[in-house]
Amino acid sequence: MAELRRVTEEVMGMPITLAAPEPGLPAEAVADAFSDLRWVDRTFSPFIPESVVSLINRGEIRVQEAPAEVLEVLDLCARFERLTNGCFSACIGGRLDPSGLVKGWAIDRVCSRLERSGAASYMVDAGGDIAVRGGDMDGPWRVGVRHPLEKDKVVRVVEANDLAVATSGTYEKGDHILDPRTGLAATTLLSFTVIGPDILQADVFATSACVMGWEEGLLFLDNLPGYEGYAIDHHLVGHFTRGFARYCTATCGEGQSPAASSLARV
């Protein structure tokens, strides 16, 4: 049986893994991908004093003076702020922080690089936000939706070909997701997972839906063709869009959208 080759590096404050069936990914493409991820971190991280975002926040440069890639990201952030009625924003409390979009944007750039190198089947996993193309050795890629309170347990397994899976939640970093409209932490959900064709949008929608709450978040996704969602509340109950179950190896439960099914309780 063919092996699955993986390369993992710590970038942007998280483990990022590139994987592909044999013969794996071209070494030059892998090196190029990680180099670009480090550039993204140096450019956009609000925690790096020399980043463009930090320079803007300190008033040392104006937004208009930022590199073209930064202007591209900020334009995308503005578009998603309008689409989500302010539940997503690159500016909270007067400070610029486009992190909620940058990770998906960075993964998308990696995918483009891998495809230009000729890769037809691969996975990019950046801290649990995942984009896959093709399949693994035995069929579709299998992506687990993590149990929010038990690190080594998954509550659903998504079978994915040419799909993005992004999760936002409070179980890993605490109450770090802020509602841009109030500046307060979004605490109504433990996690929200979005699946769809585009990792950048799936990542933004997962963050936005955590702010919206499960009912509004699922209704929001119902109006976006190709995207499905799975929310886990503080009672460890899963709520999901009508089409989510068809991606799962195990049924998500019964009922219309939004529906609910009990998860394993702690």
Side-chain angles (χ1 to χ4, degrees), residues 8-16 31-113 124-129 131 166-187 189 191-192 194 198-212:
T8 301
E9 292 190 17
E10 190 83 12
V11 190
M12 299 171 64
M14 72 190 95
I16 298 182
D32 181 48
F34 281 114
S35 177
D36 189 65
L37 289 167
R38 287 188 287 271
W39 172 85
V40 170
D41 195 28
R42 292 194 304 270
T43 302
F44 290 96
S45 173
F47 306 108
I48 296 177
E50 300 80 16
S51 75
V52 175
V53 167
S54 294
L55 294 176
I56 292 172
N57 280 329
R58 292 199 301 270
E60 295 180 23
I61 66 171
R62 297 179 300 167
V63 170
Q64 298 89 331
E65 299 170 331
E69 294 89 347
V70 174
L71 297 178
E72 174 190 341
V73 163
L74 296 183
D75 180 65
L76 287 168
C77 288
R79 287 167 51 191
F80 284 113
E81 183 170 359
R82 293 190 294 270
L83 180 63
T84 62
N85 294 317
C87 290
F88 176 87
S89 179
C91 189
I92 301 178
R95 288 186 62 79
L96 180 64
D97 184 359
S99 301
L101 181 140
V102 164
K103 181 161 71 166
W105 184 78
I107 297 172
D108 186 63
R109 286 168 64 91
V110 169
C111 292
S112 295
R113 280 170 160 73
V124 181
D125 179 353
D129 289 346
T167 299
S168 291
T170 60
Y171 55 81
E172 190 74 41
K173 298 180 181 178
D175 296 336
H176 70 291
I177 300 172
L178 301 180
D179 185 339
R181 301 166 299 182
T182 65
L184 301 176
T187 59
L189 293 173
S191 69
F192 201 111
V194 173
D198 182 87
I199 184 60
L200 187 157
Q201 295 193 78
D203 192 21
V204 170
F205 295 156
T207 300
S208 305
C210 274
V211 171
M212 295 175 186

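Since this is a predicted model, take the numbers as computed values, not measurements. We're numbering straight along the sequence, starting at 1. Atoms considered below: every heavy atom in the structure, side chains included; atoms not considered: hydrogens, waters and symmetry mates.
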Check [X] against [Y] and note the closest heavy-atom contact, atom names and distance.
{"X": "Ser89", "Y": "Glu81", "answer": "OG-OE1, 3.4 Å"}
{"X": "Ser54", "Y": "Pro46", "answer": "OG-O, 3.4 Å"}
{"X": "Pro180", "Y": "Cys87", "answer": "CD-O, 3.5 Å"}
{"X": "Ala209", "Y": "Leu189", "answer": "O-CD1, 4.1 Å"}
{"X": "Ser51", "Y": "Ser45", "answer": "OG-O, 2.6 Å"}
{"X": "Pro15", "Y": "Thr8", "answer": "CB-CG2, 4.1 Å"}

Requested in this report: Begin from the C-alpha positions of Val211 and Thr84 and carry the test side-chain contact (heavy atoms from CB on, under 4.5 Å) through to its verdict.
Outcome: CA-CA 10 Å; Val211 171; Thr84 62; over 6 Å; no
What is the distance from atom [atom1] of [X] to atom [atom2] of [Y], rounded to the nearest 0.5 Å?
{"X": "Leu76", "Y": "Gln201", "atom1": "CG", "atom2": "CD", "value": "9.0 Å"}
{"X": "Glu50", "Y": "Glu60", "atom1": "CD", "atom2": "CD", "value": "10.0 Å"}
{"X": "Leu55", "Y": "Arg62", "atom1": "CG", "atom2": "CZ", "value": "14.0 Å"}
{"X": "Ile177", "Y": "Ser208", "atom1": "CD1", "atom2": "OG", "value": "10.0 Å"}
{"X": "Thr167", "Y": "Asp129", "atom1": "OG1", "atom2": "CG", "value": "6.5 Å"}
{"X": "Asp36", "Y": "Asp41", "atom1": "CG", "atom2": "CG", "value": "11.5 Å"}

Report task. Check the pair Val102 / Val40 against side-chain contact (heavy atoms from CB on, under 4.5 Å), numbers first and verdict last. Result -> CA-CA 8 Å; Val102 164; Val40 170; 3.5 Å; yes
Quick one: does [X]'s side chain have a donor or acceptor within less than 3.5 Å of a partner on [Y]'s backbone?
{"X": "Asn57", "Y": "Leu96", "answer": "yes"}
{"X": "Arg58", "Y": "Pro49", "answer": "yes"}
{"X": "Thr43", "Y": "Trp39", "answer": "yes"}

Query raised in the report: Sequence neighbours excluded, which residues qualify as salt bridge (Lys or Arg N to Asp or Glu O under 4.0 Å) partners of Arg95?
Result: none
Query raised in the report: Salt bridge between Asp203 and Lys103, side-chain N to carboxylate O under 4.0 Å?
Result: no
**Report entry** For Pro67, all residues meeting side chain to side chain contact (heavy atoms under 4.5 Å, CB included), sequence neighbours excluded
**Finding:** Val52, Glu69, Val70
Requested in this report: Answer yes or no: is there a side-chain heavy-atom contact under 4.5 Å between Leu71 and Val63?
Outcome: yes
Requested in this report: Using a cut-off of 6.0 Å, state whether more than 12 heavy atoms not belonging to Arg38 lie near its atom CZ.
Outcome: yes
Query - Worked check of side-chain contact (heavy atoms from CB on, under 4.5 Å) between Val110 and Ile16 - result: CA-CA 11 Å; Val110 169; Ile16 298 182; over 6 Å; no
Requested in this report: Kindly state each residue pair satisfying ring pair (Phe, Tyr, Trp, His ring centres under 6.0 Å) with at least one member in residues 40-97, sequence neighbours excluded.
Outcome: Phe44-Trp105, Phe80-Phe205
